[in-house]
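Order of the sequence lines sets the chain letters (A, B, ...), proteins ahead of strands, with each chain counted from 1. As a basis for the values below, the full set of heavy atoms in this structure was taken, side chains included, without hydrogen atoms, waters or symmetry mates.
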There are 2 protein chains.
Amino acid sequence: MDVDTRLLRYFAAVAEEGNLTRAADRLFVSQPALTKQIRQLEARLGATLFTRSRAGMSLTAPGRALAERVPELLAAWDRARREAANAAGRAARVLKLGAMASGANEATQDVIAAFARLRRGWRVEMRQAAWSDPTAGLAAGDVDAALLRLPFPGQDALRVEPLFTEPRWVALPAAHPLATRELIAFRELWDEPFVAARPETGRWRDYWLAADERDGRPVRIGAIADRPDDWLGAIANGYGIALAPESAARFYARPGIVYRPLSGVAPSTVAVAWAPADDADPVVRDFVRCCLAAAAPQRSGDGPGPRPDAR
Amino acid sequence: MDVDTRLLRYFAAVAEEGNLTRAADRLFVSQPALTKQIRQLEARLGATLFTRSRAGMSLTAPGRALAERVPELLAAWDRARREAANAAGRAARVLKLGAMASGANEATQDVIAAFARLRRGWRVEMRQAAWSDPTAGLAAGDVDAALLRLPFPGQDALRVEPLFTEPRWVALPAAHPLATRELIAFRELWDEPFVAARPETGRWRDYWLAADERDGRPVRIGAIADRPDDWLGAIANGYGIALAPESAARFYARPGIVYRPLSGVAPSTVAVAWAPADDADPVVRDFVRCCLAAAAPQRSGDGPGPRPDAR
DNA sequence: TGCGTCCATAACCTGGCGGCATGGATGTCG
DNA sequence: CGACATCCATGCCGCCAGGTTATGGACGCA
């Protein structure tokens, strides 16, 4: 008997939620559609998977048996899919590079140019990640390498090579009273509302709220953004202000938004990251080497930072 | 990204066959349908899975990566599905019993009656298996126990408890010269064409051709049948004769077919079989106990049983 | 008694799958 | 050298499965 993984996801969602309506909501389908699908799954298996009551849907014995297997099944499919995609990338000589919005700055171009020289016939394919995925697809295996800013959650499970640092500035609505100041002390912003990343992003979110550098003062959250566009919009509309790397002033310049230098916050570190499984991959190694090489000039200008040792 | 297991089966078939047309044939779909599906799979994965040539379809690197995972994925789904079905059987208090056509004879009713007495509230659900599945669904985990005739392929991986033996007779077209004889010696049938099971059924097929008891003389195959209906039809139409347990004379009596006692072939043994995984299952154990109890009277008497009225 | 919360049902629409017929490319053979 | 065979791709069409909205029925709760 055949199933669609979609159907399995539906089933898993209902099993977890114990409630059709909420599960339907989570799956972005209507509740009747979900009802039909679950009933059909039951019909096809010839087994009752849930007992219905006004309290919701609770698993029966066969339902539990299935629910136990489904997650690993979905995971297995996902792995298979990714393995194929990776093989396809290799075959097409494409290095997939994840980048957090405003990940690296101008250096990115140098890196890619250097890589193109080193690996003739290869091509770098960049994909911008939303802030809700702080490893830019690396943790999920969707990319071969990523340009990220430290610290980020999941960092310890990956190889990380710091490249250079960059001062953190502040992005303000143009109408903000401080927007005309040449230099702002972070202390002056402690009571401002901030545009933050989603709470799930943990350390990363805290870092860009400079939670450690506000002397214990709580942060006011004015808005939550997951992508640069939302972020810029939120700031321009006055929902809050936000820290940003200096280069954002060039890459995310926009009417209604002003970037200003900041004192009293540590600079931001850009790093290249890759999966430990790719340690031996010559292409990934070459790419990392290019990153270190391209970063060298900037790094010297920017104070200490670990010595570049191209491996 | 979602897939249907059907799509994975399609992919696996093409990967194995290396040829769309043949794969389509094997999958019972048209070749254009398969073409479309494979192309769609490629589109969804964003990877080329096959290189097309007039020689056929051969896997690319990503194709190989996928082909490596797909079989285990399908197997995992099948396992999950069966586990759920088994749990459903338990929950509904159903013991699923596989039976090879003409598996057990009149004893079946006694067994089921005994089980019904021992396990109140439980119910036996019988499913007839085609000869192409010599374990009657036991090997695949579709049933909890099976009534089979020894020997059958796959026997060693299962628990088998012999119940009783029954003489083997011969089924002849009514018009056959020997059809009026009271007793036939197997030797007289050596040159007759036989209606046999599919070649894949190995030992089982050989046993019912009595390949070991024809003194090295080769078997002539007149027809191949997979189900009792085909089998009866083939015999009645004169394509060949066949050995059959004595009880077939009662259970598969049909105009145009005559059953006659045979000398010179060993009797057939009926056994109950179950999966080793169910050794500790109290319900299966009870069922086996009922089988042994119901078989006891016949086992001692062995020969006669109810009078056969071969017409 | 009216309201909110569940799940089920009804009616309708649409996209995708499968089937048939056919086309295009490329060997093969009389 | 043309006829043929073998593969895969394409065009067109009918049908069903899955989705949506609107609504119903059961039940607990204030």
Side-chain angles (χ1 to χ4, degrees), chain A residues 1-64 66-67 70 74 77 81, chain B residues 1-64 66-67 70 74 77 81:
Chain A
M1 198 212 63
D2 288 313
V3 241
D4 199 316
T5 53
R6 181 177 38 78
L7 196 47
L8 297 182
R9 288 190 298 108
Y10 284 8
F11 168 73
V14 175
E16 276 178 38
E17 295 283 353
N19 178 312
L20 267 182
T21 314
R22 267 199 304 281
D25 219 39
R26 195 174 107 184
L27 295 166
F28 303 106
V29 294
S30 67
Q31 169 261 314
L34 198 50
T35 296
K36 259 199 291 191
Q37 291 299 306
I38 296 294
R39 293 188 90 77
Q40 176 182 322
L41 181 60
E42 289 182 323
R44 279 204 260 179
L45 287 173
T48 305
L49 300 172
F50 295 96
T51 54
R52 278 90 165 155
S53 70
R54 95 211 89 290
M57 317 263 292
S58 68
L59 288 165
T60 60
R64 273 193 304 277
L66 192 63
V70 162
L74 291 172
W77 162 241
R81 197 179 56 72
Chain B
M1 196 212 64
D2 289 312
V3 240
D4 199 318
T5 52
R6 181 177 39 80
L7 196 47
L8 296 182
R9 289 191 296 108
Y10 284 8
F11 168 73
V14 176
E16 275 178 37
E17 294 282 352
N19 180 310
L20 268 183
T21 315
R22 266 198 305 281
D25 219 38
R26 195 173 106 182
L27 295 166
F28 302 106
V29 295
S30 68
Q31 170 261 315
L34 198 51
T35 296
K36 263 194 287 189
Q37 291 299 308
I38 296 294
R39 294 188 90 78
Q40 177 183 322
L41 181 61
E42 289 181 324
R44 280 205 258 177
L45 287 174
T48 306
L49 299 172
F50 295 96
T51 53
R52 278 91 164 153
S53 69
R54 80 219 95 285
M57 317 264 289
S58 67
L59 288 165
T60 61
R64 272 194 304 278
L66 192 63
V70 162
L74 292 173
W77 161 239
R81 197 179 56 72

**OP:** Give a yes or no on whether a donor-acceptor pair under 3.5 Å exists between the nucleobase atoms of D/dG11, that is its base, and the side chain of B/K36.
**Re:** no
Original post:
Are any of the side-chain heavy atoms of A/M1 and B/W77 separated by less than 4.5 Å?
Top reply: yes
**OP:** Give the C-alpha distance, both sets of side-chain angles, the deciding distance and a yes or no for side chain to side chain contact (heavy atoms under 4.5 Å, CB included) between A/N19 and A/M57.
**Re:** CA-CA 5 Å; A/N19 178 312; A/M57 317 263 292; over 6 Å; no
Original post:
Between D/dG18 atom P and B/R6 atom CZ, what is the distance in whole Å?
Top reply: 10 Å
**OP:** Could you tell me which non-hydrogen atom of B/I38 sits nearest to which non-hydrogen atom of B/L20, and how far apart they are?
**Re:** CG1-CD2, 4.4 Å
Subject >> Residues B/E42 and B/R52 bridged, charged N to O under 4.0 Å >> reply: yes
Original post:
For B/A24 and B/L34, which heavy atoms make the closest approach, and how far apart are they?
Top reply: N-CD2, 3.3 Å
**OP:** Specify the separation, in whole Å, of atom CG of B/L34 and atom C1' of C/dG19.
**Re:** 13 Å
Original post:
So, is the end of the B/R6 side chain (NZ or CZ) under 6.0 Å from the ring centre of B/Y10 and within 45° of the ring's axis?
Top reply: yes
Subject >> DNA chain C contacts made by residues 11-24 of chain B, counting heavy atoms under 4.0 Å >> reply: none
Subject >> Spacing between B/Y10 atom OH and C/dG16 atom C1', to the nearest angstrom >> reply: 12 Å
Subject >> DNA chain C-proximal residues of residues 38-52 of chain B, any heavy atom under 4.0 Å >> reply: B/Q40
Original post:
So, is A/T35 near the phosphate of C/dA8, with a side-chain N or O under 4.0 Å from OP1 or OP2?
Top reply: yes
Original post:
Roughly how many Å is it from CG in B/D4 to C1' in C/dG16, rounded to a whole number?
Top reply: 12 Å
Subject >> Shortest non-hydrogen contact from B/L7 toward B/R44 >> reply: CD2-NH2, 3.4 Å
**OP:** Using atom CD of B/Q37 as one end and atom C1' of D/dC8 as the other, report the distance to the nearest whole Å.
**Re:** 15 Å
Original post:
Which heavy-atom pair separates A/T60 from A/T48 by the least distance, and what is that distance?
Top reply: OG1-O, 2.6 Å
Original post:
Does any donor atom in the side chain of B/S58 or B/T51 lie under 3.5 Å from an acceptor atom in the other side chain?
Top reply: yes
Original post:
Roughly, in whole Å, what's the span from CE in A/M57 to P in C/dC6?
Top reply: 13 Å
Subject >> Nearest-0.5 Å distance that lies between atom CG in B/D2 and atom CZ in A/R9 >> reply: 4.0 Å
**OP:** Tell me, with the steps shown, if B/L41 and B/L49 meet side chain to side chain contact (heavy atoms under 4.5 Å, CB included).
**Re:** CA-CA 9 Å; B/L41 181 61; B/L49 299 172; 3.7 Å; yes
Subject >> Under 4.0 Å protein heavy-atom contacts per nucleotide of nucleotides 23-30 of chain D, with B for base, S for backbone only and - for none >> reply: ----SS--
